[in-house]
Amino acid sequence: MSKFIKNLITPNDLSLDQLNDLISLAQDIVKNPELFFKSAEGKVLASLFYEPSTRTKFSFDTAMLRLGGSVIGFSDPSTSSTAKGETIADSAKTVSQYADIIVVRHPKEGTALLMSKHADCPVINAGDGGHQHPTQTLTDLLTINSCLGRLENLTVGVCGDLMFGRTIHSLVTCMSRFSNINFVFISPKELTMPEYVKETVTKNGKTYVETNNLEKAIPKLDILYMSRVQRERFVSEEEYMRLKDYFVLTSEKMSLAKKDMIVMHPLPRVNEIAVEVDSDPRAKYFEQVKYGMYVRMALILKMLELK
Ligand code: NCD
């Protein structure tokens, strides 16, 4: 059994020391990726995507390939035995006979946890419904540390669909463990932050304010984390259509922000950041994509206890 962590289901599975170790290993990989090209030779990663993905799947797959390992899996569950009625538990047990590590994304909350209870190898949650997305948080932390040089003393604004945005739930619960972090939760009143996230922030001794006014909030922020309204989690299409363009970050709004604020987004973007903002040096969302691959390389090395 791994001495690091066996499974990664939520960012809280990692202690602060483990988080810092991961970020620092990822930064070593960024500097000298070629030193790690053979580190996972002979190992196999299974990526099981029961829900659409571009970045997370490619990011894990490329991370494993760049470490010299191999990848199996699917991105369309209709091509797997799930279509024949196989349970998640049996799929986990079976795939873990082939693979050394499993990465799973599923529309249902709790699926990664369930898989981890049945698999004979480590399991990483790559997004479970509207719940958590821990490796996006690792990506975000590496981006913040690389761009701002710190993970403490920050005012963090998260904006958009705070109710269903799993990347936001993971980031906020995780960052509330670092020193001197203040949060600004910016959302329409229909899409406010779940109580359990707010309770965690308070329990960790941090403060938050809630607002639906991006222009008023933006001047105070060190980080503005934008997110898409999560169409697939809405019961009513009409409600989605009404809320989808509630916030659009434009160059005009960026002119109200600090000169060194950074803009992040887990992507995919729909309409919430105008394309004109992409050329602003404070826009970090495409850089963030690259950091995602490096931090996943670090995570695979640590979870498989490879050098
Ligand atoms: C996010 C997700 O899947 O939760 N995407 C990602 O992994 N980078 C965000 C989203 O889909 O809006």
Side-chain angles (χ1 to χ4, degrees), residues 8-11 26 45 47-64 73-77 103-113 123-144 156-175 185-188 191 193-194 197 223-234 240 243-249 262-273 278 283-297 299-300:
L8 178 61
I9 309 300
T10 90
L45 176 142
S47 64
L48 312 181
F49 277 69
Y50 295 85
E51 209 186 40
S53 169
T54 303
R55 267 147 301 272
T56 307
K57 180 160 173 27
F58 283 153
S59 179
F60 266 113
D61 292 0
T62 341
M64 191 54 163
F74 56 78
S75 48
D76 176 2
V103 174
V104 59
R105 168 172 288 188
H106 198 280
K108 231 167 129 184
E109 286 80 359
T111 302
L113 180 64
V123 172
I124 299 175
N125 180 10
D128 61 330
H131 184 221
Q132 296 274 334
H133 192 344
T135 63
Q136 181 64 47
T137 299
L138 299 178
T139 302
D140 301 339
L141 295 182
L142 178 61
T143 307
I144 295 168
V156 183
V158 289
C159 176
D161 186 347
L162 308 190
M163 178 169 287
F164 297 118
R166 58 192 174 194
T167 65
I168 286 180
H169 304 159
S170 287
L171 181 66
V172 171
T173 50
C174 186
M175 283 203 86
F185 297 156
I186 310 157
S187 75
L191 297 174
M193 193 68 95
V197 178
I223 297 165
L224 173 58
Y225 195 97
M226 295 297 293
S227 67
R228 131 189 111 84
V229 176
Q230 306 276 298
R231 180 180 206 157
E232 65 277 33
R233 318 247 181 257
F234 274 67
Y240 166 74
L243 294 172
K244 72 182 178 58
D245 295 327
Y246 197 97
F247 297 112
V248 181
L249 184 64
I262 59 169
V263 184
M264 296 170 65
H265 192 307
L267 303 178
R269 149 176 65 185
V270 181
N271 199 33
E272 56 283 347
I273 303 180
D278 296 1
K284 301 294 183 193
Y285 28 92
F286 290 112
E287 233 172 283
Q288 202 178 338
V289 172
K290 198 153 201 171
Y291 286 127
M293 177 184 71
Y294 288 120
V295 87
R296 288 178 175 104
M297 288 170 78
L299 181 67
I300 293 167

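Bear in mind that the values here come from a model prediction, so they are computed numbers and not experimental data. For ligands, and for the atoms within them, numbers begin at 1 and follow the listed sequence. The first residue of the sequence shown is numbered 1, and numbering continues consecutively from there.
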- Closest heavy-atom contact between E272 and R228? OE2-CB, 3.4 Å
- Item | Subset of ligand 1 atoms that lie under 4.0 Å from at least one heavy atom of H133 | 2 (C), 4 (O), 6 (C), 7 (O)
- For T56, take its heavy atoms, then give the atoms of ligand 1 lying under 4.0 Å from any of them. 6 (C), 7 (O)
- Query: What are the two closest heavy atoms between G160 and S227, and how far apart are they?
  - Reply: CA-OG, 3.7 Å
- Item | Nearest atoms (heavy-atom pairs only) where A126 meets H133 | O-CE1, 3.7 Å
- Query: What atoms of ligand 1 come closer than 4.0 angstrom to any heavy atom of Q230?
  - Reply: 10 (C), 12 (O)
- Between the candidates L267, T139, I168, which shows the shortest non-hydrogen contact distance to atom 9 (C) of ligand 1? L267
- Message: With a 4.5 Å cut-off on side-chain heavy atoms, are E51 and K108 touching?
- Response: no
- Task: Would you indicate whether F58, at its atom CZ, is surrounded by more than 12 heavy atoms from other residues, nucleotides or ligands within a distance under 6.0 Å?
- Result: no
- Message: Return the closest protein heavy atom for atom 3 (O) of ligand 1 as residue, atom name and distance.
- Response: R166 NH2, 2.9 Å
- Nearest protein heavy atom to atom 8 (N) of ligand 1, by residue and atom, and its distance? P266 O, 2.8 Å
- Applying a strict 4.0 Å limit to heavy atoms, is G127 in contact with ligand 1? no
- Query: Counting each atom of ligand 1 from 1 as listed, which ones have a heavy atom of R228 under 4.0 Å away?
  - Reply: 10 (C), 11 (O), 12 (O)
- Message: Taking the side chain as everything from C-beta on, heavy atoms only, tell me whether H265 gets closer than 4.5 Å to L249.
- Response: no
- Would you say R105 contacts ligand 1, with heavy atoms under 4.0 Å as the rule? yes
- Query: Do the side chains of M175 and I144 get nearer than 4.5 Å, heavy atoms only?
  - Reply: yes
- Message: Taking 4.0 angstrom as the limit and counting only heavy atoms of P268, give me the atoms of ligand 1 inside it, by number and element.
- Response: 10 (C), 11 (O)
